[in-house]
Amino acid sequence: MKRADASNRRKSRFALTALFSAVIFLFIFVTSLIAGGIMLYMVRHDRLTPGGTRPRPEMVIFHMVVWSTALGALLSVLLSRISLYPINRVIDAMNRLAHGDFKTRLAFGGSFGRHPTVVEATDSFNHMAEELGKTEMLRSDFVNHFSHEFKTPIVSIAGFADLLLEGGLTEEEQQEYLRIISEESHRLSDMATNVLDLTKIENQTILTDVTEFNISEQIRNCILMLESKWTEKELSLDVDFGEYQYRGNRRMLRQVWLNLIDNAVKFSDPGGVLQFRITETPENLIVSIGDTGREIPKESMEDIFRKFYQADKSHATQGNGIGLSIVKAIVELHGGKVIPSSGGGKTVFAVVLPKG
Ligand code: ADP
C-alpha cells in the first residue's frame, strides 16, 4: 500500500516536472519563432541592408540577439506573474504563519489545485498550520492554568499575612492563620516541583538510568510510605501479587505508584478498600491500583490526564491536577500506557509496561 502510494507520488511529481519543462520549452519556442519571424521579415524587406545587398552574418546575429532578448524579457515579465502566482501565495501564507496567524490555510482552485502534487503540498502546509495552532493553544492553556493555580494560594497567603500584621487577633486565630499560610506555601512549593518534574519528563525522549529491580517490592514500599494517609481514612488493603522483576527507571516508576496510590487514598470513601494486583502477559507487565469511592465521570475520562484538570473539585485543595499528567508522561516514556476505568463505585488505574 505504502509502496503504491510512493510510486503514485513519484509519477505525479514526474508529470508536474514534465508540465513545467513543456511550458519552458513552449516559452523558448515561441520566443525563437517570433524573433525568427521578425528577422525573416527584415531580411525580406531589406530592412537590415537598405541597399539590397546580402545582409552581413554579424548583423543578422546582432539583430537576432537584440530581438530575442527584448521579446524574452517581455514574455518573462508577463508569464512570470502567472507562473509565480502559486509560489507567491505560499510565501504569503508562510509569512502569515510566521507572524502567528495559525488559522492560515492554503487552497488552489481549478485543475492546478486538483493535481496530486499540489494537493499533497497544500495538505502538508495545512496540517503543519493546524499542528502549530494546537501547540499554541496548549501553550496558552498551560500558561492560563499555571497562573490561575499559582495565584490562588498566593492570594490566600497574602490575605492571612495582612490579617496577622493588622494585629488584634486571639492566639487561636493567629495559630489558624499561620497554619493556613504554612499549608498554602507547601502547596505552592509542591506545585512548582511537580510542574518542573513534568516539564523535565516531557522534554525527555530517551529513557535513562534503566536498571532491573523488583517492582513488587517497590510497590509494597510505596504503600508503606503512604501508611499514615490510608490509616487515617481507615482503608483496608487487598494486596495480592507475586514477585516480578522489571527493567526501567526505578526513581520515575516510584513516582508513578506514589501518585496513583495517593489519588486512590484521596478519592476513596472512608472505610473503603485499596486493591493492588500485578499480572503478566508475554509482552507486558500490568500493575493495577484500585479503590472504592468516588467514580470518574465518563465525560472526564479523557481529560484527567490533562495538566491542571480536576474532575472532582471537592478535593481540589489536596492536589493540583498534575499527578496523572506525570504518571502518563513517565509510563509513555517506558513505552507503556495507563488505562483508567471507573464504575460500580470502583476506580482502577491499570499501568501497562512493556517488557524488554
Ligand atoms: P489531583 O491533584 O487533583 O489528584 P491528578 O492529575 O492526580 O490531580 O488527577 C486528576 C483528576 O482525576 C482528579 O482531580 C480526580 O478528579 C480524578 N482522579 C484521579 N484519580 C482518581 C481516583 N483514584 N478515583 C477517582 N478520581 C480520580
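Counting from 1, the numbers follow the sequence of the chain as shown. Read the numbers this way: they start at 1 and go in the same order the structure lists the ligands and their atoms. Note that the coordinates shown come from a computational prediction; the quantities given were computed from them, not determined experimentally.
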| task | Decide whether an N or O pair under 3.5 Å exists between G321 and ligand 1. | result |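 It does: an N or O of G321 is found under 3.5 Å from an N or O of ligand 1.
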| Distance-only N or O hit between ligand 1 and Q310, under 3.5 Å |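 Yes, since at least one N or O of Q310 sits under 3.5 Å from an N or O of ligand 1.
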Ligand 1-proximal atoms of [X], by part, heavy-atom distance under 4.0 Å:
X    : answer
E295 : neither
R294 : backbone
I322 : backbone

Where ligand 1 meets [X] - atom numbers and elements under 4.0 angstrom, heavy-atom basis:
X    : answer
G323 : 5 (P), 6 (O), 7 (O)
K266 : 1 (P), 2 (O), 4 (O)
Y309 : 10 (C), 11 (C)
D291 : 22 (C), 23 (N), 24 (N)
L324 : 5 (P), 6 (O), 7 (O), 9 (O), 10 (C), 12 (O), 19 (C)

Using 4.0 Å as the upper bound for N to carboxylate O, is an ion pair formed by [Y] and [X]?
X    : Y    : result
R220 : E217 : no
D303 : R306 : yes
E130 : K103 : no

| side chain to side chain contact (heavy atoms under 4.5 Å, CB included) evaluation trace for K355 with E280 | CA-CA 9 Å; K355 292 183 195 168; E280 193 177 22; 2.9 Å; yes
| query | Under a heavy-atom criterion of less than 4.0 Å, does F349 contact ligand 1? | reply |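 Yes; F349 lies near enough to ligand 1 that a heavy-atom distance drops under 4.0 Å.
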| message | Before you tell me yes or no, could you show the steps for I201 and M252 under side chain to side chain contact (heavy atoms under 4.5 Å, CB included), namely the whole-Å CA-CA distance, both residues' side-chain angles and the distance that decides it to 0.1 Å? | response | CA-CA 9 Å; I201 299 162; M252 283 185 171; 4.2 Å; yes
| message | Measuring from atom 26 (N) of ligand 1, which candidate in T347, I304, I296 has the nearest non-hydrogen atom? | response |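 Looking at heavy atoms only, the winner is I296.
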Indicate yes or no for a side-chain donor-acceptor contact from [X] to the backbone of [Y] under 3.5 Å, with no hydrogens or angles considered.
X    : Y    : value
E295 : G344 : yes
S216 : G242 : yes
D101 : R96  : no

